[in-house]
Amino acid sequence: MTSQVLFDSHVELLLDAAVSFVNELTDGERRGKPFTAPAGAALPAAARRAIPSAEPRIPESLPADDAELLAQAARVMRDVFEAVEEGRVDDAAAAVNRLLRESGARPQLDRVPGEPWALHFHGSDDSYGIGWTSGCATALALAVGSALAGRLGVCRAPHCDRVYVDMSKNSVRQFCSAPCQSRVKAAAFRARQSAAAKP
């Protein structure tokens, strides 16, 4: 089984975007240290960097209104990941429904010149922020409303609350990144060494 079996490529891109927006645009902890999300004049560049590189139409700059909308949406998306992690699926669904309502998400076929028709979850004239918010909201709805809800997670390393989507074959992922996994393994190794050294 591969990640393609879990979600189609477009939904996978949108889930990756949700993870990126949460991890880059919300306060908390990252890899053992406090993390303060960019704000003010730094927010548009941070929001633009959070857009997955697989997206072919990343604008040169992101308007401040779109960046603020994405930051607000990221805070609600964080609620979805945390609620799923804590087994509060009803709360996760309520947060997703809020995002769907506020973004006006709606399925429609859209086409970029020279490309085939593709399913999008926003209108062709919606702002960039609305487009990503509605897409991420729909992808989260597809995950939360299925047996794949448990694939949404929050890092279990100490002092890290970044999120992830588990695309592993056996659904065994527990960390947002390899550095967090390494930190936990190193701490466990040191604890074993210390225990073995005691008489």
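With rounding to the nearest 0.5 Å, the separation of OG1 in T133 from CG in L70 is 4.5 Å. Going from atom CE of M77 over to atom OG of S20 covers 10.0 Å, rounded to the nearest 0.5 Å. A distance of 11.5 Å separates CD of E24 from CG of L43, quoted to the nearest 0.5 Å. With rounding to the nearest 0.5 Å, the separation of CG in L25 from CD in Q72 is 11.5 Å. Residue W132 holds its CH2 atom at 6.5 Å from CD1 of I51, rounded to the nearest 0.5 Å. Note that the CG atom of L15 and the CZ atom of R151 stand 12.0 Å from one another [nearest 0.5 Å].
Counting heavy atoms from C-beta on, the side chains of V184 and P158 come closer than 4.5 Å.
A pairwise comparison of heavy atoms in C160 and R183 identifies CB-NH2, 3.9 Å as the closest pair. A64 and P44 make their closest contact through CA-CG, 4.0 Å (heavy atoms, listed as atom of the first residue, atom of the second, distance). Considering every non-hydrogen atom in both V84 and A149, the closest pair reads CG1-O, 3.1 Å. What you find for C176 and C155 is that their closest heavy atoms are N-SG, 3.4 Å.
Under the side chain to side chain donor-acceptor pair (under 3.5 Å) criterion, R156 pairs with E85, sequence neighbours left out. For D65, there are no side chain to side chain contact (heavy atoms under 4.5 Å, CB included) partners two or more places apart in sequence or in a different chain. The salt bridge (charged side-chain N to carboxylate O under 4.0 Å, His left out) check on R31 picks up nothing, with sequence neighbours excluded. Taking R78 as the reference, E82, D161 meet the salt bridge (charged side-chain N to carboxylate O under 4.0 Å, His left out) condition, with sequence neighbours excluded. For E29, there are no salt bridge (charged side-chain N to carboxylate O under 4.0 Å, His left out) partners two or more places apart in sequence or in a different chain. In this structure, D110 has no side chain to side chain donor-acceptor pair (under 3.5 Å) partners at least two apart in sequence or on a different chain. Under the side chain to side chain donor-acceptor pair (under 3.5 Å) criterion, S146 pairs with no residue at all, not counting sequence neighbours. Looking at residues two or more places apart in sequence or on another chain, you find no side chain to side chain donor-acceptor pair (under 3.5 Å) involving R48. With sequence neighbours left out, the side chain to side chain contact (heavy atoms under 4.5 Å, CB included) criterion links V76 to A95, R98, L99.
Put simply, V144 and V22 are part of the same group of oily side chains (I, L, V, M, F, W, Y) that touch within less than 4.5 Å, one to the next. F121 and L69 end up in different hydrophobic clusters when Ile, Leu, Val, Met, Phe, Trp and Tyr side chains are linked at under 4.5 Å. No path of Ile, Leu, Val, Met, Phe, Trp and Tyr side chains, each step under 4.5 Å between heavy atoms, connects I130 with F21, placing them in separate hydrophobic clusters.
Distance alone, capped at 3.5 Å, is enough to place a donor-acceptor pair between the D166 side chain and the R173 backbone. No side-chain donor-acceptor contact under 3.5 Å links D27 to the backbone of T36. Listed for the N23 side chain is a donor-acceptor partner under 3.5 Å among the backbone atoms of V163. Side-chain atoms of S134 never come within 3.5 Å of backbone atoms of A105 as a donor-acceptor pair (strictly under, hydrogens ignored).
When hydrophobic residues (I, L, V, M, F, W, Y) are linked wherever their side-chain heavy atoms come within less than 4.5 Å, F35 remains an isolated member.
Applying the ring pair (Phe, Tyr, Trp, His ring centres under 6.0 Å) definition to pairs two or more places apart or across chains, none involves residues 155-179. Residue pairs meeting the salt bridge (charged side-chain N to carboxylate O under 4.0 Å, His left out) criterion with at least one partner in residues 126-145, sequence neighbours excluded, are R106-D126.
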